Trainee: 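Okay, here's the structure, questions in a sec.
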There are 2 protein chains.
Amino acid sequence: MNKPRQYNRRKVTLKDVAAYIGVSHTTISNAYIRPNQLSVELRKKILLAAQELGYTGPDPAAKQLATGRSGVIGFLFSEDLPYAFSDPALRAVLQGVALSCNTLKTDLTLISASNNLQNIDHPVSLGNAAVDGYILYSVAPDNRCILMAQQRNVPLVVIDQPRLSNIPYIGIDDRKAAYQAAQYLLGLGHRKFGIISLKTAHDNYNGVLTKQRRHNITHSTIAMRLEGYLAACTEAGLSAEAIPIWETAINSKEQGKEGALFLNNSSSPPTAILAMSDCLALGAMEHFRSAGFSIPQDLSIFGFDDIPEAHSAGLTTVHQPHEQKGIAAVQLLTQQTTRDNISLPTRLVIRNSTGPAPHKK
Amino acid sequence: MNKPRQYNRRKVTLKDVAAYIGVSHTTISNAYIRPNQLSVELRKKILLAAQELGYTGPDPAAKQLATGRSGVIGFLFSEDLPYAFSDPALRAVLQGVALSCNTLKTDLTLISASNNLQNIDHPVSLGNAAVDGYILYSVAPDNRCILMAQQRNVPLVVIDQPRLSNIPYIGIDDRKAAYQAAQYLLGLGHRKFGIISLKTAHDNYNGVLTKQRRHNITHSTIAMRLEGYLAACTEAGLSAEAIPIWETAINSKEQGKEGALFLNNSSSPPTAILAMSDCLALGAMEHFRSAGFSIPQDLSIFGFDDIPEAHSAGLTTVHQPHEQKGIAAVQLLTQQTTRDNISLPTRLVIRNSTGPAPHKK
DNA sequence: TTGTAGGCGTTATCAG
DNA sequence: CTGATAACGCCTACAA
């Protein structure tokens, strides 16, 4: 990917086609963009000549430069690129995006914003692609990409995070959803909770969510969920301070297991686990099961996301409309209804990983 | 996506920055591309000014036009865009591609080649994105994209299909893998087979694979697998003609069920099913189970791909290294070892959807 | 219906 | 280390 044009056995351009049949290059251009600006025959002749000469149509880069748009949508997220195909929730969002792109006939380029934590004086990049607009998916508010994206002067849409003034936003009511989840468990008689949280900042921290970290949460969706969980508990007369919280840097089953291990070893083991993702919840489930627990008899576990696997695993969880997020994002991006905020509905999906609190102990 | 530049409150360019601090635009350009071509101070000053002015670095389109490369890889496949996130096998391949792109810091753009079956005189497009090279994933040999991609004069790599002279190819030995699968079942005593095939051409046909269709298979990987299955059977003394084959246009469980239904209703119902994908196999499994069959006591089912779900479902299948395909593709694409062919290894993964043939009937 | 002239924002070349 | 000048390939008034 270094040598400029080793492939150039001289690229075929508009001009070549024009010269070939003896018209101006404007005419050729018209043949592609404004078919009704020339006779049918001529157009046919041109297209044929193009094929013979091996002209593959207007060069994308040149076209973009001249017109100012590219027909490509950029999807920016803060994890590594492969994440797009491995994380179930992200995948579902992308499925929605792809659905919309498909009908719009725009291409979709995936851009990872994780490479941008470089040294300050090194200019950040938003990927190499020329893009008509960006969808920012759950990017940390302090990621430098955000400012840069705004300066780029192209349409922007944010999913989940962060809320930016004057920029369309799509998300759910995280606080409410979390609140409802906790409340449901409280209704089942649970009084001892444990929380497994997703990352609150991007420092790759795995461990107890300390008081200090709690005051420095940069990921607003996480803050909201935490608030929701704790609010429900507090209202029920529990002490929020007493609830052990484990923070994981990565959304995976492995981390869920670790969290479960910690919670189970805490001074007063919980009878109910609130996990901020299904992956974490499923991991926790595995851990407790292999530790001899019966679920939900001995312990209840509540997930978040409602990924496909949650269904087959019988995990009680918060359903959120991932695919809709993607669809809505493209919609807002293209129709440019600036300053639109969309809050998509969630709902509890009760399956059999939750049940009444076990009687005493 | 129509108005050219409604967003242009006058874009900030190199020139603006240059004018601002009174140097030539070349110097600004150098600040970004050739840091050692100017003093550290000056560079710092420039970067600072850029930030103040809201200059976000070289415009991708312009840069691409000037340099001839874009830092973006195009992944072209013949299904709809959302397929990239729903089809397990494709997803695994993309995961590999993404892995490589991530380390190379290139963006990845997904392009669907399914929109290109338009009227002939309408120029085909390979997507709108400016791309440094294309990975063609299992595109039908007669798809017009292929010729076009070759004419575009950028690096190309083909995965699975079709084999193109002078273009790097990555795939597996489909014939051999299929042969081994059939042979394994023969070894278990099976004599009555049924095959559920993936599509042999892109005409959305669902139904019996007629003799005529069999002579017109455009999808070479499918042809190879079929050949492998049948060769093993023939060598074992069976009549290939007698083996019922069902063709499906879509790779889904639903279609697998349909195929199973047909095979089970054939004049002499099979004791072993060879499915060309795990999705189809899993669908077939469901169908037979709900029809009262015990698997593998009454019936054996052999899949293809080894997707994650095959594991949990206990499906015997052919494992192929999807992710490796993706990784290798990017590698060949970027290092330009033209004319390289890579055949990745497969292996049978025996689980419990296959067993000895049932005794008589 | 066709052609002419200018511009899109960068990079590359090559003197200074 | 810096700065003109010429591509890059196409689009878009505008004039013919």
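Numbered from 1 within each chain, the chains take letters A, B, ... in sequence-line order. If you're wondering where the values come from, they're calculated on a predicted model, not measured in any experiment.
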Trainee: What integer distance in Å separates B/Asp59:CG from C/dT10:P?
Mentor: 6 Å

Trainee: Mind checking the CD1-NZ spacing from B/Ile21 to B/Lys45? Nearest 0.5 Å is all I need.
Mentor: 6.0 Å

Trainee: Tell me, do B/Phe77 and B/Asp160 make a side-chain contact under 4.5 Å, heavy atoms counted?
Mentor: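 They are not in contact (no side-chain heavy atoms under 4.5 Å apart), so the answer is no.
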
Trainee: How are the rings of A/Tyr55 and A/Tyr32 set to each other: parallel, tilted or perpendicular (split at 30° and 60°)?
Mentor: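 If you compare the ring of A/Tyr55 with that of A/Tyr32, the planes turn out perpendicular.
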
Trainee: Tabulated below should be each protein N or O lying under 3.5 Å from an N or O of nucleotides 1-3 of chain D; please produce it.
Mentor:
| from | atom 1 | to | atom 2 | distance (Å) |
| --- | --- | --- | --- | --- |
| D/dC1 | OP2 | B/Asn36 | O | 3.3 |
| D/dG3 | OP2 | B/Ser24 | N | 3.0 |
| D/dG3 | OP2 | B/Thr27 | OG1 | 3.0 |

Trainee: So do the side chains of A/Asn128 and B/Arg69 get within less than 4.5 Å of each other, counting heavy atoms only?
Mentor: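 SC-SC contact between A/Asn128 and B/Arg69 ruled out.
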
Trainee: With a 4.5 Å cut-off on side-chain heavy atoms, are B/Thr13 and B/Asp59 touching?
Mentor: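 Result no, sub-4.5 Å side-chain heavy-atom pair not found.
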
Trainee: Verify the neighbour count for atom CD of B/Gln51: are there more than 12 heavy atoms of other residues, nucleotides or ligands below 6.0 Å?
Mentor: no

Trainee: Taking the basic N atoms (NZ, or NE/NH1/NH2) and the acidic carboxylate oxygens, is any pair closer than 4.0 Å for B/Glu79 and B/Lys199?
Mentor: yes

Trainee: According to a strict under-4.0 Å criterion, is B/Arg34 in side-chain N/O contact with OP1 or OP2 of C/dA12?
Mentor: yes

Trainee: Return the value, rounded to whole Å, for the distance between atom NZ of A/Lys63 and atom P of D/dC10.
Mentor: 10 Å

Trainee: Expressed as a whole number of angstroms, how long is the span from B/Leu65:CG to C/dT11:P?
Mentor: 11 Å

Trainee: For B/Gln64 and C/dT11, give me the distance from atom CD to atom P, rounded to whole Å.
Mentor: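 That distance rounds to 11 Å.
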
Trainee: Write down the distance between NZ (B/Lys15) and P (C/dT11), rounded to a whole number of angstrom.
Mentor: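 Distance check: B/Lys15 NZ to C/dT11 P gives 13 Å.
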
Trainee: Quick check on the helix from C/dT1-D/dA16 to C/dG16-D/dC1: what's the angle between its two end axes, five base pairs per end, to the nearest 10°?
Mentor: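 Answer for the end axes of this duplex: 30°.
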
Trainee: Any heavy-atom pair between the side chains of A/Ile111 and A/Leu126 that's under 4.5 Å?
Mentor: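 A side-chain contact is absent here, since even the closest heavy-atom pair is not under 4.5 Å.
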
Trainee: How many Å lie between CZ on B/Arg69 and P on C/dT10, as a whole number?
Mentor: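 In whole Å, C/dT10 P and B/Arg69 CZ are 16 Å from each other.
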
Trainee: Please determine whether a side-chain nitrogen or oxygen atom of A/Tyr32 lies at a distance below 4.0 Å from atom OP1 or OP2 of D/dG9.
Mentor: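 False: A/Tyr32 side-chain N/O out of range (4.0 Å or more) of D/dG9 OP1/OP2.
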
Trainee: Just by modelled atom types, is the B/Ile73 backbone N or O under 3.5 Å from a matching donor or acceptor in the B/Asp132 side chain?
Mentor: no

